[in-house]
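In what follows, a structure is listed as structure tokens, so that the remarks can point back to it.
When a residue number appears, it is its place in the shown sequence, counting from 1.
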Amino acid sequence: MTRRALAGSVALAALTMGTAWLPAPAGAGDPVKDLVRKVEARYQTTTDLTAEFSQSTDIKGFAKPLQSSGRVYIKRPGKLRWDYLAPTLEQIFVENDKIQFYIPEHKQVMVGQLSKMANSQAPFQLLQGIGRLDRHYLVTAAPDGAKGSGGLPLLSLTRPDDGPDQPRIVVEVDPGSHFLRRVELHDVNGNVSTFTFSAFLANTGLKDKLFEFTVPQDAEVINAPTLAVP
């Protein structure tokens with residue numbers, strides 16, 4: 001799995017059901033809770049979503065960030081297609097807990113289960129359609145008080161039981177659509193992957209065929225690495 005595909009699979013969780021890992025809204029007056037309520041309302045009415053994305057991944061030891069871009073398709077429940085279009089083609093297909101990474105350049109297809117492919121399973125539960133993750137995540141304003149487009153507060157996602165190796169997630173909400181405009185993943189090593197989403201198209205009636213993938217005859221199929229059993 002390439003670095004960008006691995007980071008992308010995490011961001012898929014963030015974009016797919018942004019509402020699911022935001023806590024239930026409480027009383028009015030709190031800017032974060034008010035924003036959460038608007039995001040939840042937007043995603044509750046979204047059955048499918050298409051968006052353009054750009055990705056910049058800063059990796060320690062690399063002089064320049066890795067840059068890539070493409071398009072993501074989402075259909076609830078549990079269907080995703082994540083296409084990297086530049087600088088090279090890579091594709092990720094998700095059907096509930098099944099995931100397939102296709103890298104034409106390497107003639108490889110990596111297959112696995114989302115629930116067994118990450119140190120923290122919680123983000124991937126979104127892709128499985130399990131439900132709300134407010135039982136796992138705390139959402140607060142970014143510690144530095146930073147704001148995004150339209151003056152909306154950036155949101156920081158943490159888990160109360162997180163260990164030191166868990167990634168920190170910061171998201172920016174688009175003020176017009178209330179979809180997630182930007183997702184930042186900060187890992188324990190200081191690497192940062194930033195995904196910026198644009199050109200949202202919601203409820204266009206995406207067909208199931210768009211999310212179907214057939215392994216090419218000349219491609220090698222390999223198993224994705226899985227979680228170590230405690």
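For the atom pair CG of Leu85 and CD of Glu52, the computed distance is 8.0 Å after rounding to the nearest 0.5 Å. The distance from atom OG1 of Thr57 to atom CG of Asp187, rounded to the nearest 0.5 Å, is 10.0 Å. To the nearest 0.5 angstrom, Glu95 atom CD is 13.5 Å from Arg81 atom CZ. Summarising the geometry, atom OG belonging to Ser193 is positioned 11.5 Å from atom CD1 belonging to Ile169; distances are rounded to the nearest 0.5 Å. Between atom NZ of residue Lys38 and atom OG of residue Ser177 there is a gap of 12.5 Å, rounded to the nearest 0.5 Å. Remark: Glu172 CD to Arg182 CZ distance equals 4.5 Å, nearest 0.5 Å.
Using a 4.5 Å cut-off between side-chain heavy atoms of Ile, Leu, Val, Met, Phe, Trp and Tyr, with links allowed through other members, Leu49 and Val39 fall into the same hydrophobic cluster. In the hydrophobic clustering of ILVMFWY residues, with side-chain heavy atoms under 4.5 Å counting as a link, Val139 and Leu152 come out together. Leu154 and Val173 sit in two unconnected hydrophobic clusters of ILVMFWY residues. Membership requires side-chain heavy atoms under 4.5 Å apart, directly or through other members. Cluster annotation: Val192 is not connected to Leu185 through the hydrophobic network of ILVMFWY side chains, with a link wherever side-chain heavy atoms come within less than 4.5 Å.
Under 4.0 Å is where a charged nitrogen must lie from a carboxylate oxygen, and between Asp208 and Lys75 at least one such pair does.
No donor-acceptor pair closer than 3.5 Å links the side chain of Asp174 to the backbone N or O of Leu180. In terms of modelled atom types and a separation under 3.5 Å, the side chain of Asp48 and the main chain of Thr204 share a donor-acceptor contact. Gln108 contributes no side-chain N or O that, together with a main-chain N or O of Ile222, makes up a donor-acceptor pair within less than 3.5 Å.
Applying the under-4.5 Å side-chain rule to Ile, Leu, Val, Met, Phe, Trp and Tyr, the cluster around Phe211 extends to Tyr73, Leu206, Leu210.
Leu89 and Pro104 make their closest contact through O-CD, 3.3 Å (heavy atoms, listed as atom of the first residue, atom of the second, distance). For the residue pair Pro153 and Leu35, the shortest heavy atom distance occurs at O-CD2, 3.7 Å. Between Ser56 and Gln67, the shortest heavy-atom distance links the atoms OG-NE2, 3.4 Å. What you find for Ile59 and Asn191 is that their closest heavy atoms are CA-OD1, 3.3 Å. Closest approach of Ala219 and Val109 over heavy atoms only: CB-CG2, 4.0 Å. Residue Ser149 comes nearest to Pro175 through the heavy atom pair CB-CD, 3.6 Å, listed as atom of the first residue, atom of the second, then distance.
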Checking Thr46 against Asn203 for the side-chain contact (heavy atoms from CB on, under 4.5 Å) test, could you report, in this order, the C-alpha distance in whole Å, the side-chain angles of both residues, the deciding distance, and whether it holds? CA-CA 6 Å; Thr46 301; Asn203 301 332; 4.1 Å; yes
Let me see the working for Lys79 and Val94 under side-chain contact (heavy atoms from CB on, under 4.5 Å), right down to the final yes or no. CA-CA 6 Å; Lys79 293 181 183 295; Val94 175; over 6 Å; no
Using the side-chain contact (heavy atoms from CB on, under 4.5 Å) rule, take Tyr102 and Glu90 through it: C-alpha gap first, then chi angles, then the decisive distance, then the call. CA-CA 6 Å; Tyr102 176 43; Glu90 293 179 24; over 6 Å; no
Going through the checks in order, is the side-chain contact (heavy atoms from CB on, under 4.5 Å) test met by Val72 and Thr50? CA-CA 6 Å; Val72 60; Thr50 303; over 6 Å; no
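At least one side-chain heavy atom of Pro87 sits less than 4.5 Å from a side-chain heavy atom of Ser68. Side-chain contact between Val215 and Val221 is present, with heavy atoms from C-beta onward closer than 4.5 Å. With contacts defined as side-chain heavy-atom distances shorter than 4.5 Å, the pair Leu155/Val32 qualifies.
Put simply, the residue from Trp82, Phe93, Phe101 that forms a ring pair (Phe, Tyr, Trp, His ring centres under 6.0 Å) with Phe213 is Phe93.
Side-chain atoms of Gln55 and Tyr84 form a donor-acceptor pair, as typed in the model, at a separation below 3.5 Å.
Shown here is Lys147, whose NZ atom has more than 12 heavy atoms of other residues, nucleotides or ligands within 6.0 Å.
A tilted orientation is assigned to the rings of Phe195 and Phe53, their planes being inclined by 30° to 60°.
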